[in-house]
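In what follows, a single structure is set out as structure tokens and then discussed.
These figures come from a predicted structure and were not determined experimentally. Heavy-atom basis, side chains included; hydrogens, waters and symmetry copies ignored.
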Amino acid sequence: MSSSEHPDLYEVLDERFRTGRCVNGDAGLEVLYTGCRWVEGPVYVPAWRQVIWSDIPNDRLLRWDEETGAVGVFRRDAGYPNGNTLDREGRLVTCEQGNRRVTRTEHDGTVTVLADRWEGKRLNSPNDAAVKSDGSIWFSDPSFGITSDYEGHRAHSEIGANNVYRIDPASGEVRLVADGLGAPNGLVFSADESRLFVSDTGAGVIRVFDVRDDGTLANGEVFATARAGARFDNIRFDEDGRLWVAAMKDGVHCYDPDGTLIGRLRIPEIVANISWGGAKRNRLFIAGDTSLYSVVMGVTGTHPTGPGRRRWLDAPR
């Protein structure tokens with residue numbers, strides 16, 4: 001049977017969700033692992049054919065092997081990690097809520113601190129990161145990891161605000177690029193990197209900023225507003241320009257490039273994060289609150305490093 005005959009997973013809100021092949025895929029979810037406390041940050045690592053993800057309250061990074069289905073611990077005492085992505089060299093970049101920093105795992109396994117302060121003040125609790133083709137790393141810094149001891153360590157904010165920052169690839173300078181946000185969360189660049197999309201969990205909106213040549217942002221118009229019962233967490237594009245959103249209790253949302261909510265995936269748990277992976281990047285990995293799910297779809301996602309995604313397709317397998 002085709003997936004369109006199984007409405008339990010796919011909800012069509014606009015015919016573009018159907019005509020765009022968004023319902024052409026698995027008829028149901030595959031549970032890859034369950035038993036976590038709060039799952040976030042899945043990222044597919046092509047060289048390893050593994051997914052790395054965060055189990056925040058258990059203070060660990062886990063890994064799932066695509067070939068064997070085996071799950072193991074990638075790192076314990078991991079700093080209460082949240083979002084993960086890859087840099088231009090395929091190295092793991094992790095937002096560590098508990099350690100209040102952004103780190104990079106080198107190819108030899110050592111960990112390099114990329115950012116832990118802004119203007120001498122400790123960061124709140126970095127949440128999600130996006131890598132631009134120039135090597136700069138952009139990250140959100142809400143207060144989720146310092147509001148209690150559940151997802152980090154309870155503490156006062158030294159900065160007193162929740163912002164988005166940019167790490168310069170040459171100097172390592174941490175620059176504030178967006179402020180005035182409630183709780184900035186997921187972020188992703190458009191395919192041409194001319195715009196940066198940022199989900200603001202606190203305000204219940206996704207904003208889109210123009211990216212200037214000097215690495216600053218402008219505007220910040222609202223792209224989408226969460227409907228009743230939903231909150232926005234992380235966000236990812238597919239190669240047709242649709243924006244897929246982890247919408248917490250409302251599953252996974254799919255927005256047309258014009259901002260219309262055209263469909264969604266119904267997920268049995270709260271959805272915090274999503275990420276594309278697999279050999280064709282058409283496998284959507286979904287972080288439920290206690291489980292890691294996947295669904296092979298009829299659409300293809302973009303590579304975490306944006307315009308350089310062709311390397312993923314061209315790599316030998």
Side-chain angles (χ1 to χ4, degrees), residues 30-87 89-117 122-131 137 139-155 167 185-186 233-234 246 269-275 277 285-294 304:
E30 182 179 359
V31 180
L32 303 181
Y33 184 77
T34 192
C36 297
R37 277 199 162 89
W38 181 247
V39 177
E40 295 246 22
V43 61
Y44 180 78
V45 185
W48 305 342
R49 294 189 63 188
Q50 292 182 345
V51 174
I52 303 295
W53 80 93
S54 303
D55 182 5
I56 302 176
N58 284 324
D59 193 13
R60 61 183 182 172
L61 288 168
L62 299 175
R63 59 184 169 195
W64 168 83
D65 186 88
E66 185 177 31
E67 183 66 25
T68 66
V71 172
V73 175
F74 178 76
R75 181 180 297 147
R76 298 186 188 277
D77 300 321
Y80 292 87
N82 195 317
N84 299 283
T85 191
L86 301 178
D87 73 1
E89 297 183 27
R91 295 170 295 189
L92 183 68
V93 174
T94 301
C95 295
E96 301 180 9
Q97 288 191 164
N99 289 333
R100 302 168 72 170
R101 66 188 190 179
V102 180
T103 63
R104 181 180 66 220
T105 300
E106 308 295 347
H107 292 305
D108 64 2
T110 59
V111 176
T112 299
V113 178
L114 301 177
D116 60 1
R117 294 177 183 272
R122 292 192 70 187
L123 298 172
N124 294 328
S125 57
N127 185 282
D128 194 22
V131 178
I137 297 173
F139 67 94
S140 57
D141 187 41
S143 59
F144 301 139
I146 59 174
T147 57
S148 74
D149 289 319
Y150 187 69
E151 294 185 52
H153 305 290
R154 186 176 181 181
I167 305 173
N185 200 318
D233 204 296
N234 91 317
E269 294 189 89
I270 296 172
V271 180
N273 274 198
I274 54 176
S275 182
F285 295 96
I286 301 167
D289 50 355
T290 66
S291 310
L292 181 68
Y293 301 91
S294 80

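- Side-chain N or O atoms of Thr103 include none that pairs as donor or acceptor with a backbone N or O of Val111 at under 3.5 Å.
- With hydrogens and angles ignored, the 3.5 Å screen pairs no side-chain donor or acceptor of Asn99 with any backbone N or O of Arg101.
- The closest side-chain donor-acceptor pair between Asn185 and Asp128, if any, does not fall under 3.5 angstrom.
- Residue Glu67 holds its CD atom at 11.5 Å from CD of Gln50, rounded to the nearest 0.5 Å.
- To the nearest 0.5 Å, atom CH2 of residue Trp38 and atom OG1 of residue Thr290 are 9.5 Å apart.
- Although no hydrogens or angles enter the test, the distance criterion places a donor-acceptor pair under 3.5 Å between the side chain of Asn273 and the main chain of Gly41.
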Report task. Decide yes or no on side chain to side chain contact (heavy atoms under 4.5 Å, CB included) for Val71 and Leu32, but give the supporting numbers first. Result -> CA-CA 9 Å; Val71 172; Leu32 303 181; 6.0 Å; no
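- To the nearest 0.5 Å, atom CG of residue Asp233 and atom CD of residue Glu40 are 5.0 Å apart.
- Around atom CZ of Arg154, no more than 12 heavy atoms belonging to other residues, nucleotides or ligands sit under 6.0 Å away.
- Gln97 and Gly145 get closest at one heavy-atom pair: NE2-CA, 3.8 Å.
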Requested in this report: Go through the steps to decide whether Val73 and Leu62 satisfy the test side chain to side chain contact (heavy atoms under 4.5 Å, CB included), and finish with yes or no.
Outcome: CA-CA 4 Å; Val73 175; Leu62 299 175; 3.9 Å; yes
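- Here the closest heavy-atom approach between residue Ala272 and residue Ala246 is recorded as O-CB, 3.3 Å.
- What you find for Cys95 and Pro126 is that their closest heavy atoms are CB-O, 3.3 Å.
- Once rounded to the nearest 0.5 Å, the distance linking CH2 of Trp64 with CH2 of Trp48 reads 15.0 Å.
- Among residues at least two apart or in separate chains, salt bridge (Lys or Arg N to Asp or Glu O under 4.0 Å) pairs with a member in residues 50-65 are Asp55-Arg60.
- In terms of heavy atoms, Pro42 sits closest to Leu292 at CB-CD1, 4.1 Å.
- In this structure, Tyr293 OH and Ile286 CD1 are separated by 9.0 Å, a value rounded to the nearest 0.5 Å.
- When all heavy atoms of Glu151 and Tyr80 are compared, the closest pair comes out as O-CB, 3.5 Å.
- Remark: side-chain polar atoms of Ser54 are paired, donor with acceptor, to backbone N or O of Asn82 under 3.5 angstrom.
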Report task. Could you give me the CA-CA distance, side-chain angles and deciding distance for Val102 and Val93, then say whether side chain to side chain contact (heavy atoms under 4.5 Å, CB included) is met? Result -> CA-CA 7 Å; Val102 180; Val93 174; 3.8 Å; yes
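- The aromatic rings of Tyr33 and Trp53 are tilted relative to each other, their planes meeting at an angle between 30° and 60°.
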Report task. Would you please test Val45 and Leu86 for side chain to side chain contact (heavy atoms under 4.5 Å, CB included) and show each step? Result -> CA-CA 8 Å; Val45 185; Leu86 301 178; 4.1 Å; yes
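- From Asp141, atom CG reaches atom CZ of Arg122 across 11.0 Å, with rounding to the nearest 0.5 Å.
- Side-chain contact of Thr112 with Arg91: a donor-acceptor pair under 3.5 Å is absent, judged by distance alone.
- Heavy atoms only, all atoms of each residue included: Asn84 and Leu92 are closest at CB-CD1, 4.0 Å.
- By the 4.5 Å heavy-atom criterion applied to side chains, His107 and Glu89 are counted as neighbours.
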